[in-house]
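What you see is a predicted model; the values in this text were computed from it and never measured. In what follows, every heavy atom counts, from backbone to side chain, and hydrogens, waters and symmetry copies are set aside. Just so it is clear: chains get the letters A, B, ... in the order the sequence lines come, proteins before strands, and each one is counted from 1.
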There are 2 protein chains.
Amino acid sequence: MARERGGRADPARTLALLWRTGEGPTRGPKQGLTVDRVVHAAIELADADGLDALSMRAVAERLGVGTMSLYTYVPGKAELLHVMFDTVLGESALPDPTGIGWRAALEQRARSDRELARRHPWVVRLWGPGLLLMGPRLTARAEAGLRTVADLGLSDAEMAHVVDLVDGYVRGVAQVTVDVGRDTLAGGAGYDDWWAESTPYLEQLIRPTRFPTLTRVWEAGVYDQAPDAGFELGLRLVLDGIENLIRSRRSAAAPPAPQE
Amino acid sequence: MARERGGRADPARTLALLWRTGEGPTRGPKQGLTVDRVVHAAIELADADGLDALSMRAVAERLGVGTMSLYTYVPGKAELLHVMFDTVLGESALPDPTGIGWRAALEQRARSDRELARRHPWVVRLWGPGLLLMGPRLTARAEAGLRTVADLGLSDAEMAHVVDLVDGYVRGVAQVTVDVGRDTLAGGAGYDDWWAESTPYLEQLIRPTRFPTLTRVWEAGVYDQAPDAGFELGLRLVLDGIENLIRSRRSAAAPPAPQE
DNA sequence: CGAAAACTCCGTATGGCGTACCGTACGGCA
DNA sequence: TGCCGTACGGTACGCCATACGGAGTTTTCG
């Protein structure tokens with residue numbers, strides 16, 4: 001009939017895992033591991049060898065237990081990934097706008113996220129796409145983000161969208177920056193290897209006649225820069241856009257207020 | 001010694017596949033399929049059942065051939081995904097700024113991409129993260145994008161960053177919008193099912209005392225909206241930011257020039 | 001105090017995947 | 001005509017997540 005409770009795809013069980021609610025068993029042998037040890041082993045493994053190398057076997061081996069023992073602590077791999085994600089989110093700072101203002105706070109938030117993505121390249125593969133479960137850290141992030149832009153004259157929806165915009169921007173840059181390539185790339189060759197080896201062919205295919213602007217920009221060396229060279233510029237533009245919005249909302253609320 | 005040429009992870013072979021350069025064999029039996037038929041079968045399959053259901057076996061079955069026959073046309077699954085991606089990119093329009101201006105052109109580009117992501121939810125999983133190979137459509141996109149913001153007084157690098165900013169924004173929204181959940185979600189339950197079933201637990205965990213701003217916004221119903229409700233607002237802010245930049249560059253270059 | 005119940009650990013097995021290998025049949029070219 | 005490169009595809013290998021069930025351990029209850 002209904003799916004067995006306590007198993008996989010059970011919101012109650014998964015949320016209890018994320019929030020570390022739920023008491024352990026009273027009967028039976030002592031547990032040799034903890035959820036935390038499992039999660040941290042998985043995180044270390046993902047940091048070292050990438051998400052694609054993260055298998056239940058590998059995690060179990062690193063912990064010196066049988067593969068199936070992990071399923072005592074975690075309902076399945078999907079849930080493990082969710083907990084890994086929420087755990088590592090805790091490393092990103094949640095700056096308070098009091099004193100420094102909303103713009104500086106959002107900027108710090110963005111930079112902190114970017115460093116998180118550098119430390120743990122695999123998070124960007126879990127962050128953007130797919131369902132995000134509200135674990136304690138993600139919830140704290142959401143609260144802090146909204147608080148940053150509260151009391152600026154924005155509507156509730158606008159507050160949420162503005163924070164999402166900044167977060168999404170950082171995620172987008174991280175996705176092209178971070179060497180996720182290592183995971184995805186066929187053959188195990190590095191990003192630079194592939195790029196270097198394919199350049200001669202590309203230069204033959206991308207003729208200046210058909211792609212004049214692109215070749216001009218290419219030859220100007222723009223694509224030789226680090227792929228996140230535009231991070232600062234983009235962040236500034238995004239924040240400028242937000243500032244525009246805030247100013248317009250403010251001036252609408254308070255009639256006598258010349259701009260600039 | 002060196003990896004066998006013509007095999008996998010060979011840039012020459014992969015690029016030839018993307019650009020449809022490279023002549024077929026002269027000897028041997030006639031080929032029963034074409035690269036195009038393979039790619040389109042794979043695209044249909046991904047559209048219908050999601051990326052996770054896309055296996056070489058499934059593609060072969062849909063085409064009525066043995067699994068291994070696919071490897072005659074395509075070096076491996078990774079390369080097939082690259083070709084699928086570049087193929088489907090061709091569906092997105094590349095608006096010309098002449099007449100309508102750069103802002104309207106970028107806006108159309110953004111909207112067109114968003115519809116592409118709706119038609120083929122799986123593209124957002126290939127788009128952002130990982131290495132993007134310069135196939136013909138991606139190249140055309142880059143050219144068109146740069147052309148849109150050429151001659152506005154921006155530097156070459158700024159042109160590239162500005163286009164990337166808009167593209168990245170759309171990708172970010174698409175990633176949270178699109179029902180990628182179907183692929184990733186454990187247990188096969190729908191997004192709404194999961195959300196509905198987990199809400200009571202969430203409301204117990206996310207106490208108003210600890211997360212006052214979040215609960216206020218939550219209770220205002222902001223998160224009941226479609227997840228891409230902020231698309232229009234965010235796009236406007238991003239374009240505003242770009243407009244700021246362009247204006248500042250213009251006024252710096254040409255001293256006596258009233259706008260409009 | 002003994003037995004049942006609840007629990008951990010994990011060996012084994014199932015069904016998926018990508019793809020290497022190789023035998024067979026084909027067909028253009030010498 | 002015969003050669004040899006090629007297409008096709010069966011089989012097999014080594015991964016993966018994980019279902020199932022047995023053996024051993026601890027708590028609880030009769």
Side-chain angles (χ1 to χ4, degrees), chain A residues 3-10 13-14 22-35 37-38 42 45-46 49-82 84 183-188, chain B residues 3-10 13-14 22-35 37-38 42 45-46 49-82 84 183-188:
Chain A
R3 217 176 211 293
E4 195 200 347
R5 288 311 58 183
R8 298 219 330 303
D10 174 11
R13 166 100 194 258
T14 305
E23 51 279 12
T26 53
R27 312 256 268 252
K30 287 269 174 275
Q31 297 191 295
L33 262 43
T34 61
V35 173
R37 283 196 60 200
V38 172
L45 220 154
D49 304 331
L51 251 202
D52 286 352
L54 184 81
S55 69
M56 298 302 268
R57 279 163 163 76
V59 175
E61 198 167 347
R62 168 174 277 255
L63 289 167
V65 301
T67 309
M68 293 312 294
S69 300
L70 299 182
Y71 289 85
T72 307
Y73 302 91
V74 148
K77 190 183 184 181
E79 289 79 2
L80 175 58
L81 289 172
H82 280 299
M84 288 169 65
D183 282 337
T184 323
L185 210 46
Chain B
R3 216 176 212 295
E4 195 199 348
R5 286 317 49 187
R8 298 218 330 300
D10 174 12
R13 167 100 195 258
T14 306
E23 53 278 14
T26 54
R27 309 260 268 254
K30 286 268 176 276
Q31 296 191 292
L33 262 43
T34 60
V35 173
R37 284 196 58 200
V38 172
L45 220 154
D49 304 332
L51 251 202
D52 287 352
L54 183 80
S55 68
M56 298 301 270
R57 283 167 163 80
V59 175
E61 197 168 348
R62 167 174 278 255
L63 290 166
V65 300
T67 309
M68 293 313 294
S69 301
L70 298 182
Y71 289 85
T72 308
Y73 302 91
V74 148
K77 190 183 184 181
E79 289 79 3
L80 175 58
L81 290 173
H82 280 299
M84 288 170 64
D183 282 336
T184 321
L185 211 46

Side chains of A:L33 and A:T72 in contact at under 4.5 Å (non-hydrogen atoms): no
List for me each residue that meets salt bridge (charged side-chain N to carboxylate O under 4.0 Å, His left out) alongside B:R62, sequence neighbours excluded, and say none if there are none. B:E44
For A:K77 and C:dG16, give me the distance from atom NZ to atom P, rounded to whole Å. 18 Å
Position toward the 5' end of DNA chain D (nearest nucleotide), A:S55 or B:M68: B:M68
Given side chains that start at C-beta, do those of A:L70 and A:L63 come closer than 4.5 Å, heavy atoms only? yes
Short side-chain N/O contact to C:dG18 OP1/OP2 from B:Y71, under 4.0 Å: no
Distance check, rounded to the nearest 0.5 Å: B:M84 atom CE versus B:E79 atom CD? 13.0 Å
Can you tell me if B:Y73 touches the phosphate of D:dA7, counting only side-chain N or O atoms and a distance under 4.0 Å to OP1 or OP2? no
Specify the separation, in whole Å, of atom CG of A:L70 and atom P of C:dT8. 13 Å
dist A:M56:CE -> A:T67:OG1 (nearest 0.5 Å) comes out at 8.5 Å
Between B:T67 and D:dG9, is there a side-chain N or O to OP1/OP2 distance below 4.0 Å? no
Let me know the distance between CG of A:L54 and P of D:dC15, rounded to the nearest Å. 16 Å
Heavy-atom nearest nucleotide on DNA chain C for A:S69 versus A:R57: which residue maps closer to 5'? A:S69
Atom-to-atom span, CG of A:L80 to P of D:dT18 - whole angstrom: 10 Å
Nearest-Å distance, CD (B:E61) to P (D:dG9)? 13 Å
At under 4.0 Å between heavy atoms, which parts of nucleotides 22-30 of chain D does protein reach? Answer with one letter per nucleotide, 5' to 3': B base, S sugar-phosphate only, - none. --BBBBS--
Spacing between B:M56 atom CE and D:dC15 atom P, to the nearest angstrom: 20 Å
In whole angstroms, how far is the C1' atom of D:dC15 from the CG atom of A:D49? 16 Å
Mark yes when over 12 heavy atoms from residues, nucleotides or ligands other than B:E61 sit less than 6.0 Å from its CD; otherwise mark no. no
Quick check for you: to the nearest 0.5 Å, what is the distance between B:Y73 atom OH and B:R37 atom CZ? 8.5 Å
Separation of C:dC26 C1' from B:Q31 CD (nearest whole Å): 13 Å
